[in-house]
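Report on the structure given below.
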Amino acid sequence: MPIDLSDARAAAPALLGAVLVREKAGCPTRRARIVETEAYLPNDPASHSFGGETRRNATMFGPAGNAYVYRIHRVVCFNIVTGEAGTGEAVLIRAVEPLEGRAEMEAARTRATVGRSRPWNYDLCNGPGKLCQALDIELSHDGAPLIGPGRTPSDSISLQPAPHAARFRSTVRIGISKAKEEKLRFVLPDSLWLSRKL
DNA sequence: ACGGAGATGGACT
DNA sequence: GTCCATCTCCGTT
């Protein structure tokens with residue numbers, strides 16, 4: 001069963017339990033389970049696509065299944081484009097649980113963080129910027145296809161569907177100032193790797 | 001365990 | 001000049 005990326009509201013919970021696979025030449029494979037997502041809908045005042053297409057958000061208006069990667073403050077965030085091309089919707093991946101290649105994730109986080117000496121814990125990848133550091137997701141991956149052909153084998157991000165539909169909970173989204181009331185954040189309620197506790 | 005402040009850089013108007 | 005889909009540290013419980 002392919003993952004339902006037909007629209008962001010359906011895709012955000014459907015992506016819970018799916019596994020991100022990061023392949024990079026010279027690095028061990030990193031795999032991580034998605035435990036927290038947020039939907040950004042068409043005509044959503046909190047979405048980057050609100051107000052139309054610009055250079056920065058252009059891949060949001062492209063086909064579903066591509067990575068939308070943007071920079072905010074010091075870090076980048078990783079989204080999966082959903083819906084028909086032109087609708088400008090996506091799902092933000094907010095937290096993942098490491099499954100494989102954890103040492104490589106810790107090394108990547110250490111590389112990206114200055115002055116950290118204590119060991120990594122649940123803060124390894126429990127946030128949208130942190131997981132991009134742990135998986136070496138960069139601005140250059142903006143627009144990259146995650147599913148099907150067209151990926152770069154030596155530098156790919158791909159997706160394995162969840163083995164079964166996950167039991168989830170929804171809450172309000174985090175870190176936004178507009179359209180705060182809608183419950184468009186989706187989590188695996190028992191996960192220890194959420195960016196915030198329930 | 002939780003909350004607030006400051007760092008910070010680019011996109012957009 | 002303003003606005004952030006954030007992170008980390010350091011304070012207080």
Side-chain angles (χ1 to χ4, degrees), chain A residues 5 7-9 11-13 15-16 20 32 34-62 64 66-83 87-96 98 105-143 146 157 168-187 189 191-198:
Chain A
L5 299 180
D7 69 89
R9 192 188 289 275
L15 282 162
L16 294 174
L20 270 179
I34 297 172
V35 300
E36 176 176 337
T37 60
E38 280 179 358
Y40 287 86
L41 310 180
N43 300 311
D44 177 353
S47 173
H48 290 170
S49 63
F50 193 72
E53 184 174 337
T54 65
R55 162 112 108 268
R56 176 215 206 189
N57 65 21
T59 78
M60 275 190 96
F61 290 90
N66 285 350
Y68 168 48
V69 182
Y70 66 89
R71 177 175 190 132
I72 176 112
H73 303 294
R74 259 189 281 204
V75 294
V76 302
C77 296
F78 169 70
N79 301 249
I80 297 169
V81 178
T82 62
T87 57
E89 46 182 298
V91 174
L92 171 68
I93 308 303
R94 281 197 58 88
V96 299
M105 296 184 202
E106 294 183 353
R109 282 278 278 143
T110 300
R111 242 179 278 134
T113 311
V114 288
R116 168 98 175 200
S117 52
R118 68 205 155 82
W120 296 100
N121 287 301
Y122 290 117
D123 58 0
L124 179 61
C125 45
N126 64 345
K130 298 176 194 179
L131 71 91
C132 287
Q133 291 182 354
L135 296 173
D136 283 314
I137 296 174
E138 305 171 67
L139 223 41
S140 61
H141 295 107
D142 184 42
L146 306 172
I157 307 163
F168 63 87
R169 281 194 54 186
S170 61
T171 78
V172 295
R173 294 177 289 185
I174 291 176
I176 56 171
S177 57
K178 295 169 239 168
K180 293 165 128 139
E181 58 290 340
E182 279 224 77
K183 294 170 76 168
L184 291 171
R185 170 179 176 243
F186 300 89
V187 303
S191 176
L192 299 172
W193 296 87
L194 303 182
S195 67
R196 288 203 194 164
K197 296 204 167 145
L198 287 176

- Message: How would you summarise protein contacts on nucleotides 1-10 of chain B per nucleotide, using B for base, S for sugar-phosphate only and - for none, with heavy-atom distances below 4.0 Å?
- Response: ------BBBS

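Every side-chain hydrogen bond (donor to acceptor under 3.5 Å, both in side chains) that A/Glu106 has, sequence neighbours left out, goes to A/Arg102.
Of the possible donor and acceptor atoms, none in the side chain of A/Arg94 sits under 3.5 Å from a partner among the backbone N and O of A/Glu36. Judged by distance alone, with hydrogens and angles left aside, the side-chain atoms of A/Glu89 form no donor-acceptor pair with the main-chain N or O of A/Asp7 at under 3.5 Å. Side-chain N or O atoms of A/Asp44 include one that pairs as donor or acceptor with a backbone N or O of A/Ala46 at under 3.5 Å. Put simply, the side chain of A/Arg111 never gets that close to the backbone of A/Val114: no donor and acceptor are under 3.5 Å apart. Judged purely by atom type and a 3.5 angstrom limit, A/Asn57 uses its side chain to pair as donor or acceptor with the backbone of A/His48. Looking only at distances, no side-chain donor or acceptor of A/Arg74 sits under 3.5 Å from a matching main-chain atom of A/Gly129. No donor-acceptor distance shorter than 3.5 angstrom exists from the side chain of A/Asp142 to the backbone of A/Leu139, with no hydrogens or angles considered.
In this entry the distance linking CG of A/Leu124 with P of C/dC7 reads 12 Å, nearest Å. The separation between A/Asn121 atom CG and C/dC9 atom P is 13 Å, rounded to whole Å. Protein atom CG of A/Asn126 is 8 Å distant from nucleotide atom P of C/dC7, rounded to whole Å. For the pair A/Met60 CE and C/dA5 C1', the interatomic distance rounds to 10 Å; values are reported in whole Å. As a whole-Å value, the separation of A/Glu53 CD from B/dC12 P is 11 Å. We find that CZ of A/Phe78 is positioned 15 Å from P of C/dC7, with the value rounded to whole Å. Atom-to-atom, CD1 of A/Ile176 to P of C/dT6 comes out at 9 Å; the value is rounded to the nearest Å. If you take OH of A/Tyr68 and P of C/dA5, they are 10 Å apart, rounded to a whole angstrom.
Of the candidate nucleotides B/dC12, C/dA5, C/dT8, C/dT8 has the atom lying nearest to any side-chain atom of A/Gln133. Taking only side-chain atoms of A/Arg118, from C-beta outward, the nucleotide of C/dC4, C/dA5, C/dC9 with the closest atom is C/dC9. The side chain of A/Ser47 approaches C/dA5 more closely than any other nucleotide in the set C/dC4, C/dC7, C/dA5. Side-chain proximity of A/Leu92 to the nucleotides C/dA5, C/dC7, C/dC4 is greatest for C/dA5. For A/Thr113, the listed nucleotide lying nearest its side chain is C/dT8; candidates were C/dT6, B/dC12, C/dT8. Among the nucleotides C/dT8, C/dC4, C/dA5, the one closest to the side chain of A/Ser177 is C/dC4.
Among the protein residues, A/Arg173 comes within range of no part of the nucleic acid, since none of its heavy atoms lies under 4.0 Å from any strand. Counting any heavy atom pair closer than 4.0 Å across all strands shown, A/Arg196 reaches no nucleic acid atom. A/Asp123 comes within 4.0 angstrom of no nucleic acid atom, judged by non-hydrogen atoms across all strands. Nucleic acid contact class of A/Arg185 (heavy atoms, under 4.0 Å, all strands): none.
When the options A/Asn66, A/Ile157, A/Leu146 are evaluated for a side chain to side chain contact (heavy atoms under 4.5 Å, CB included) with A/Ile80, the one that passes is A/Leu146.
Side-chain to base pairing of A/Tyr70 with B/dA11: no donor and acceptor N or O lie closer than 3.5 Å to each other.
Within the 4.5 Å cutoff, the side chain of A/Ser170 has no heavy atoms near those of the A/Pro13 side chain.
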- Secondary structure string for DNA chain B (Watson-Crick or G-U under 3.5 angstrom, | for other-strand pairs): |||||||.||||.

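Between A/Arg116 and A/Val91, it is A/Val91 whose nearest contact on DNA chain C lies nearer the 5' terminus.
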